[in-house]
**Q** 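Handing you a structure now.
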Amino acid sequence: MSLSGAFSNIPPVVANYTAKGEHGKLGDIDCYFTGKKGSKRGIFVNYDAFRYHPNVFQICDILGSLGFYVLVPDLFRGKPQTIDDLENSKVMEEFMGNCGSWKASKAYYIHGIEYLRNSGATSVGILGFCWGGKVALTGLQELDGLVGGAIVHPAMVTSDDFGKVKTPLLAMPFNDKDMEMFKRGFAELKTKPFGAQCRLESYVDVIYGFCGPRGDWTDPTIAKRVNDAIQLLATFFNDIMPN
């Protein structure tokens, strides 16, 4: 379905935002829920290394307003990384080997996806930002039953990450130097049965993390690119999920 036919009234993002969803528990983990519970279309969201932020909530709320039921678990259990952490190679190596690893996240993915299905979702996709994009990409390789996934300014992706992906993928890399690697990966994805549903869109004119906490949405250029990204996300998930 075309964007104009499905989502012609997506609201523009605002710089000062109050989240519209609800905080609650899923087992022993805090979560953010938004959209209509009972929707047939569910999205599991892996935030970036800075954890919860109004920018991430706003994107999720917009997707929720378009008919998706969105779940954002607090995978870090209240302990985000900091800018200093991201610039410390030793800290990041430890992070990726522990709480930032797929091994640490896998059970939460399984539990969250099961929750969305038990809540009425017959189609479930995943969405990851930055570090969460890397973890979500691993989920698309390892988990069965997903209809697809999207990764927004993903970090630490390598050329080896594409071959085992089992579903349609939307990728939004931000860096020119990574585009050749993504193009090679997508050339491989295009040979798969779902290849026609995969999409690669670069965002090289804005800062890394523009859709997350690093994004200054008072800047009209960044806000416009965020709006573009949301439209792509909405269209992609709409196209891969039956109503």
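Side chains included, hydrogens not; waters and symmetry mates left out as well; all remaining heavy atoms used.
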**Q** For a 4.5 angstrom cut-off between non-hydrogen side-chain atoms, does Ile43 reach Tyr69?
**A** no
**Q** For Ile62 versus Pro11, what's the shortest heavy-atom pair and its separation?
**A** CD1-O, 3.9 Å
**Q** Any chance the rings of Trp217 and Tyr17 have centres within less than 6.0 Å?
**A** no
**Q** Please round to the nearest 0.5 Å and tell me the distance separating atom SG of Cys60 and atom CG of Asn55.
**A** 11.0 Å
**Q** Can you tell me how far the CZ atom of Arg225 sits from the OH atom of Tyr203, to the nearest 0.5 Å?
**A** 5.5 Å
**Q** Heavy atoms, side chains only, cut-off 4.5 Å: are Asn238 and Leu66 in contact?
**A** no
**Q** Could you report the tightest heavy-atom contact between Gly21 and Asp61, atom names first, then the distance?
**A** N-OD1, 3.6 Å
**Q** Any idea which heavy atoms bring Gln231 and Ile10 closest together, and the distance?
**A** CG-CD1, 3.8 Å
**Q** Show your working on side chain to side chain contact (heavy atoms under 4.5 Å, CB included) between Leu127 and Phe237 and close with a plain yes or no.
**A** CA-CA 10 Å; Leu127 166 61; Phe237 284 118; 4.2 Å; yes
**Q** Any side-chain heavy-atom pair from Leu169 and Leu137 closer than 4.5 angstrom?
**A** yes
**Q** Within a strict 4.5 Å, meaning less than it, do heavy atoms of the Pro73 and Tyr109 side chains meet?
**A** no
**Q** Taking side chain as C-beta onward, heavy atoms only, is Leu200 less than 4.5 Å from Met179?
**A** yes
**Q** With a cut-off of 6.0 Å (strictly less than), are more than 12 heavy atoms of other residues, nucleotides or ligands near NZ of Lys190?
**A** yes
**Q** Does a side-chain heavy-atom distance below 4.5 Å link Leu140 with Ile126?
**A** yes
**Q** Centres of the Phe44 and Tyr115 rings: under 6.0 Å?
**A** no
**Q** Sequence neighbours left out, what passes ring pair (Phe, Tyr, Trp, His ring centres under 6.0 Å) with His23? Give chain and number order.
**A** Tyr32, Tyr52, Phe57
**Q** With a 4.5 Å cut-off on side-chain heavy atoms, are Arg117 and Val124 touching?
**A** yes
**Q** Within this structure, what is the CG-CD distance for the pair Leu146 and Gln141, rounded to the nearest 0.5 Å?
**A** 12.0 Å
**Q** Quick check against the 3.5 Å criterion: does Ser39 have a side-chain atom that pairs as donor or acceptor with the backbone of Lys36?
**A** no
**Q** In this structure, are over 12 heavy atoms from other groups packed under 6.0 Å from Asn16 atom CG?
**A** no
**Q** Same cluster for Leu26 and Ile110 if Ile/Leu/Val/Met/Phe/Trp/Tyr side chains link at under 4.5 Å?
**A** yes
**Q** Which atom pairs, one a donor and one an acceptor, fall under 3.5 Å between side chains of residues 147-161 and the rest of the protein, sequence neighbours left out?
**A**
from   : atom 1 : to     : atom 2 : distance (Å)
His153 : NE2    : Cys211 : N      : 3.0
Thr158 : OG1    : Asp160 : N      : 3.3
Asp161 : OD1    : Lys134 : NZ     : 3.2
Asp161 : OD2    : Lys134 : NZ     : 2.9
Asp161 : OD2    : Thr158 : N      : 2.8

**Q** Atom CG of Leu189 and atom CD of Gln197: how far apart are they, to the nearest 0.5 Å?
**A** 12.0 Å
**Q** Are the side chain of Tyr47 and the backbone N or O of Leu75 linked by a donor-acceptor pair below 3.5 Å?
**A** yes
**Q** Answer yes or no: is there an ion pair linking Glu201 with Arg199, defined by an N-O contact shorter than 4.0 Å?
**A** yes
**Q** Mind listing the closest non-hydrogen atom pair of Ala121 and Gly42 along with its distance?
**A** CB-N, 3.7 Å
**Q** With a 4.5 Å heavy-atom cut-off, do Met241 and Phe236 have their side chains touching?
**A** no
**Q** Do the side chain of Gln58 and the main chain of Val14 share a donor and acceptor less than 3.5 angstrom apart?
**A** yes
**Q** How about NZ on Lys166, more than 12 heavy atoms from neighbouring residues, nucleotides or ligands closer than 6.0 Å, or not?
**A** yes
